[in-house]
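Residue numbers begin at 1 in each chain, while the letters A, B, ... track the order of the sequences.
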Amino acid sequence: MDRSPLRDFIVGLFVLAGLAALAYLSISIGGFSWHGRGGLELSAGFDETGGLTLHAPVVISGVRVGEVSGISLDSNFRARVDMDLDPTLKLPTDTSASIVTAGVLGDRYIELQPGGDETIIKSGDRIAFTESAVILERLIGKLVYGITNGEATETKPKPQVTPK
Amino acid sequence: MSNPVSSLGHWSLRVVQQLGRMAVFAVAMAAAAVKPPLRVASFVRELYKIGVLSLIIICVSGLAVGMVLGLQGYHTLVRFGAQHSLGAVVGLSLIRELGPVLAALLVIGRAGSAVAAEIGSMVATEQLDGLRMLSIDPVGLVAAPRAAAMLTAMPLLTALFIICGLAGGYISGVGLMHGDPGSYMASLRANVDFHGDMIGSLIKSVAFGALVGVVATYRGYASAPTSEGVSAATTSTVVIGSVSVLLLDYVITALWGV
């Protein structure tokens with residue numbers, strides 16, 4: 001069971017290279033972060049998330065400032081979206097959140113529009129002003145319905161006439 | 001034995017018996033591996049043979065697999081005008097599926113067969129009986145360092161395989177097909193998740209390392225003490241190892257969705 005110094009060194013290099021590869025894949029590619037949570041945590045209620053996914057980006061003016069950390073249903077059957085944002089951000093309390101789409105069929109993400117209020121929003125607060133996702137199919141459906149029914153209101157159900 | 005039902009029963013009993021023996025062997029080996037004296041020197045030697053000497057085949061295969069994924073992915077994605085997602089296609093397929101499975105299959109062929117043949121020829125030349133006569137447990141001395149080295153080397157080799165594959169995808173997708181280098185890395189980073197994808201990849205590679213380590217050492221250890229037994233041990237390591245890695249891969253994916 002002889003110990004060869006050169007072989008030990010090569011094995012050590014191999015282990016280091018493997019661990020470096022794992023670390024690169026986890027941290028740089030996989031986005032692993034040690035602090036994880038503990039940033040600015042905000043929530044917002046939406047009527048429609050339209051396929052928003054976990055870890056979807058949260059942007060301000062197109063700059064990524066955080067990600068979606070949770071999507072759940074609240075007691076009023078509205079979607080509650082939790083966001084984990086950069087803790088250095090100083091957002092006014094009248095900031096609004098909207099779910100938008102990258103391109104026509106692209107991924108959903110959340111865009112924040114900072115308001116003009118003096119007071120700064122704190123971690124754990126709820127964003128009051130929200131704009132839900134636009135579902136393209138519903139929009140087209142409403143448009144077609146609107147054209148065929150002229151002045152008919154969009155919420156009125158179509159009368160069903162069933163022959164007896 | 002002429003009755004087909006009886007022969008089926010006999011065959012089933014033998015399969016169950018083999019599985020049971022392998023499980024008992026695995027538990028005994030795990031116990032022997034943590035029991036002092038720790039065989040550090042032989043562990044390092046086996047890590048050299050299994051890990052370092054497999055590096056070339058792992059890196060070259062990873063590069064080739066990544067390059068062909070990049071080309072195929074590019075040609076498919078161009079039809080949908082989605083060639084900017086090439087990084088995600090190459091990265092997710094390598095990390096979630098191809099990296100762990102192909103690295104395991106390559107290690108079985110490169111190192112698992114060698115381990116089985118080595119232990120099998122020790123059985124054939126009665127070296128293990130000699131050890132028993134000296135009241136040295138051959139499982140702890142011969143089998144455990146090899147299985148532990150297999151378990152250690154597999155996740156490291158898998159990570160290196162994935163890195164080489166990502167580089168290969170970059171070479172063919174960006175270098176040869178003139179894709180956008182920024183969007184390759186951006187879609188890779190945006191779509192690969194640490195918890196969902198990397199942890200799953202790691203779980204798979206560790207599970208495959210343990211499985212291949214047990215199969216290779218057991219098939220060698222339980223081989224018939226003849227030259228035919230050595231060749232049978234090598235063959236069955238490759239066959240049983242490969243098939244069980246693919247089956248286990250399905251089970252892990254189905255149960256945990258990784």
Side-chain angles (χ1 to χ4, degrees), chain A residues 1-37 39 51-59 62-71 82 84 100-110, chain B residues 37 39-55 58-59 62 80-82 84-85 87-88 91-92 94-95 99 141 145 149 152-166 185-202 205:
Chain A
M1 224 50 71
D2 59 314
R3 296 199 70 153
S4 143
L6 177 67
R7 196 185 55 209
D8 288 4
F9 180 72
I10 295 173
V11 170
L13 276 185
F14 161 68
V15 173
L16 282 179
L19 290 178
L22 272 178
Y24 174 73
L25 286 173
S26 301
I27 295 166
S28 182
I29 306 276
F32 175 76
S33 59
W34 290 106
H35 61 85
R37 286 160 203 282
L52 187 77
T53 55
L54 217 58
H55 306 294
V58 178
V59 304
V63 180
R64 189 183 170 129
V65 293
E67 62 171 38
V68 172
S69 58
I71 299 171
D82 296 300
D84 193 2
V100 284
T101 313
V104 181
L105 299 166
D107 291 337
R108 304 275 184 184
Y109 62 98
I110 291 186
Chain B
R39 321 267 182 195
V40 178
S42 56
F43 169 74
V44 171
R45 189 192 56 205
E46 295 307 324
L47 196 55
Y48 178 79
K49 283 200 280 190
I50 293 168
V52 178
L53 295 184
S54 304
L55 269 179
I58 285 287
C59 286
F80 307 106
H84 56 83
S85 324
L92 286 177
L94 273 171
I95 290 173
L141 183 69
T152 314
M154 195 70 89
L156 302 175
L157 290 171
T158 301
L160 291 166
F161 183 93
I162 293 171
I163 295 277
C164 292
L166 292 178
M185 291 311 288
S187 75
L188 184 61
R189 290 214 166 92
N191 287 287
V192 177
D193 179 44
F194 174 73
H195 296 282
D197 303 320
M198 265 314 292
I199 291 285
S201 180
L202 209 57
S205 60

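- Residue contact with chain A, scored on non-hydrogen atoms closer than 4.5 Å, involves the side chain of B:Leu55 exclusively.
- B:Asp193 touches chain A through backbone and side chain together, each having a heavy atom under 4.5 Å away.
- Rounded to the nearest 0.5 Å, atoms CG (B:Leu156) and CG (A:Leu16) are 10.0 Å apart.
- Neither the backbone nor the side chain of B:Ile199 comes within contact range of chain A; no heavy atom of the residue lies under 4.5 Å from a heavy atom of that chain.
- In terms of heavy atoms, B:Val52 sits closest to A:Val11 at CG2-CA, 4.1 Å.
- What you find for A:Ala21 and B:Leu160 is that their closest heavy atoms are CB-CD2, 3.8 Å.
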Quiz item: Hey, mind stepping through B:Met198 and A:Leu22 against side chain to side chain contact (heavy atoms under 4.5 Å, CB included) and telling me if it holds?
Solution: CA-CA 9 Å; B:Met198 265 314 292; A:Leu22 272 178; 4.1 Å; yes

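- Residue B:Ile162 touches chain A through its side chain alone, counting heavy-atom pairs closer than 4.5 Å.
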